[in-house]
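Working notes for the structure below.
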Amino acid sequence: MFIRLTVSAASSQSLNLSDPAASLTAADLNGFASVSSVSKGASASCSTTFWPQAPLSSCFDAASPWRWQFDNSASSFSLATGTLAPGQSADFLLGSFFPQNGPVAPGVYSFSSASFVLFANGLDAGGAKIDRSFYLGETCAGFSATCAFTRTVVAVPEPSTYGLMAVGLAGLIGWRRRSR
């Protein structure tokens, strides 16, 4: 599943993928006395029918029809470098769904929750640890099904079914010829 990240053309700030801390403003870091690290990442949550919805611990249930694997290659958001200026976009491979446990039942499957995030870690003025997440964008705010990524799985006939269809067609052609 590829996801496109676009910096709004109306934005006054670029997104620096090489140095994500440079993309945060002083207002973003309000409450931080010091910042020890800012990293970027992508997230995906159990939602709709690609993953079981509840309980949360079953998102990667071995009984699920799908197995999810995050992308850790150079095409992933967490390893991306460069800068996205206002109005620019980049596509990132978030991960892949793989069928497991035999054939996947026919039907419509949907997925609605993925996001790009900056994670800031540091200390407040009293020395207490602060962790804050900044969501740059998400596929479906509030897990809305109206913007879900969907795929329709159709039943594929077994080879024996094709054989029976061929025999039936040959019989029909023979019957038509004989009746002429």
Side-chain angles (χ1 to χ4, degrees), residues 1-62 64 66-98 100 109-151:
M1 179 186 327
F2 282 89
I3 298 181
R4 176 168 290 147
L5 177 62
T6 302
V7 176
S8 171
S11 177
S12 61
Q13 188 174 354
S14 296
L15 176 61
N16 187 332
L17 297 170
S18 299
D19 179 12
S23 297
L24 297 176
T25 65
D28 292 330
L29 298 173
N30 186 26
F32 281 85
S34 65
V35 176
S36 56
S37 69
V38 176
S39 59
K40 57 187 184 292
S43 67
S45 302
C46 346
S47 59
T48 57
T49 53
F50 270 103
W51 285 330
Q53 293 181 23
L56 187 58
S57 62
S58 69
C59 287
F60 298 99
D61 189 343
S64 171
W66 300 94
R67 175 178 55 84
W68 169 258
Q69 181 175 324
F70 277 103
D71 178 62
N72 294 316
S73 72
S75 60
S76 73
F77 176 69
S78 60
L79 298 176
T81 58
T83 300
L84 286 178
Q88 287 186 319
S89 299
D91 293 332
F92 300 99
L93 179 59
L94 180 63
S96 301
F97 287 101
F98 297 98
Q100 66 178 10
Y109 292 86
S110 61
F111 172 79
S112 63
S113 178
S115 57
F116 295 115
V117 186
L118 295 181
F119 303 101
N121 304 301
L123 301 174
D124 67 11
K129 184 177 177 183
I130 299 177
D131 296 320
R132 195 172 294 160
S133 300
F134 301 92
Y135 287 85
L136 302 175
E138 58 187 329
T139 55
C140 294
F143 302 105
S144 172
T146 60
C147 62
F149 161 83
T150 61
R151 286 293 180 256

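Side-chain atoms are counted along with the backbone in the values below, which use heavy atoms only and exclude waters and symmetry mates.
Residues Asp28 and Ser23 come closest through the heavy atom pair OD2-O, 4.3 Å. In this structure, Pro20 and Leu17 approach most closely via the heavy-atom pair CD-O, 4.1 Å. In this structure, Arg4 and Asp91 approach most closely via the heavy-atom pair NE-OD1, 2.7 Å.
The CG atom of Leu5 lies 11.5 Å from the NZ atom of Lys40; values are rounded to the nearest 0.5 Å. In this structure, CD1 in Ile130 is found 9.0 Å from CG in Leu29, a value given to the nearest 0.5 Å.
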| task | Before giving the answer on side-chain hydrogen bond (donor to acceptor under 3.5 Å, both in side chains), spell out for Asn121 and Ser36 the whole-Å C-alpha distance, their side-chain angles and the decisive distance to 0.1 Å. | result | CA-CA 6 Å; Asn121 304 301; Ser36 56; 5.5 Å; no

Report, one line per pair, each donor and acceptor closer than 3.5 Å where one atom sits in a side chain of residues 79-90; sequence neighbours left out.
from, atom 1, to, atom 2, distance (Å)
Gln88, OE1, Ala85, N, 2.7
Ser89, OG, Thr6, OG1, 2.6

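Within the 4.5 Å cutoff, side-chain heavy atoms of Thr25 are placed close to those of Gln13. Taking the side chain as every heavy atom from C-beta outward, Leu24 and Val35 never approach each other to under 4.5 Å.
Between Phe116 and Phe77, the ring planes lie tilted relative to each other; the angle falls in the 30° to 60° range.
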